[in-house]
Amino acid sequence: MKIVEDSISFDEIKQMAADLFGDMVKAVVDVDMELLALDAELHADLEALLLEDGSKQKNLWVLTSIRNFPGWLY
């Protein structure tokens with residue numbers, strides 16, 4: 001699992017997808033602190049990681065990216 005504070009390359013995201021699910025990356029975003037947690041089997045694990053890091057539940061949004069779909073799905 002990883003918390004991204006600044007930026008992450010598309011190649012890094014593609015590698016995470018290949019390592020875990022093959023074509024999908026799960027992520028949780030803290031819209032207030034502008035953080036992105038990704039690279040876990042469960043959204044709940046990413047949510048817990050952000051909450052432990054000081055995020056507030058009301059600011060967390062769940063995302064799933066599928067490699068062959070242009071953009072993020074909610």
Side-chain angles (χ1 to χ4, degrees):
M1 292 188 295
K2 178 177 184 170
I3 294 177
V4 178
E5 297 179 10
D6 295 317
S7 65
I8 186 168
S9 73
F10 186 63
D11 287 336
E12 287 179 90
I13 293 172
K14 286 192 311 188
Q15 186 60 51
M16 288 178 187
D19 291 345
L20 210 61
F21 294 106
D23 65 349
M24 176 176 57
V25 173
K26 294 182 179 182
V28 176
V29 175
D30 181 325
V31 296
D32 182 55
M33 296 177 69
E34 299 182 358
L35 300 174
L36 172 69
L38 47 111
D39 198 24
E41 287 188 25
L42 300 174
H43 289 105
D45 293 336
L46 298 167
E47 178 183 7
L49 181 66
L50 286 172
L51 291 171
E52 290 170 9
D53 196 52
S55 292
K56 294 187 168 111
Q57 182 72 52
K58 68 180 184 174
N59 298 325
L60 301 183
W61 289 74
V62 174
L63 306 169
T64 301
S65 175
I66 299 173
R67 180 177 38 189
N68 293 326
F69 188 88
W72 291 92
L73 299 177
Y74 298 91

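Along the sequence shown, residues carry numbers from 1. Bear in mind the structure is a predicted one, so any value in this text is a computation, not a measurement.
- Atom CG of residue Asp53 and atom CD1 of residue Ile3 lie 4.0 Å apart, to the nearest 0.5 angstrom.
- Remark: Asp30 CG to Gln57 CD distance equals 10.5 Å, nearest 0.5 Å.
- For Gly54 against Met33, the heavy-atom pair with the smallest separation is O-SD, 3.9 Å.
- Interatomic distance, Glu47 CD to Glu52 CD, rounded to the nearest 0.5 Å: 11.0 Å.
- Taken from CG in Leu46 to CD in Glu41, the straight-line distance is 10.5 Å, to the nearest 0.5 Å.
- For the residue pair Gln15/Asp19, the side-chain donor-acceptor check at 3.5 Å is satisfied.
- Checked options Leu50, Asp39, Asp45, Leu38; the residue passing with Met1 is Asp45 (criterion: side-chain contact (heavy atoms from CB on, under 4.5 Å)).
- Expressed to the nearest 0.5 Å, how far CG of Leu36 lies from NZ of Lys2 amounts to 9.5 Å.
- Interatomic distance, CG of Leu51 versus CG of Asn59, reported as 10.0 Å (0.5 Å rounding).
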Check against side-chain contact (heavy atoms from CB on, under 4.5 Å), His43 and Thr64: CA-CA 9 Å; His43 289 105; Thr64 301; 3.2 Å; yes
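- Partners of Asp6 by salt bridge (Lys or Arg N to Asp or Glu O under 4.0 Å), not counting sequence neighbours: none found.
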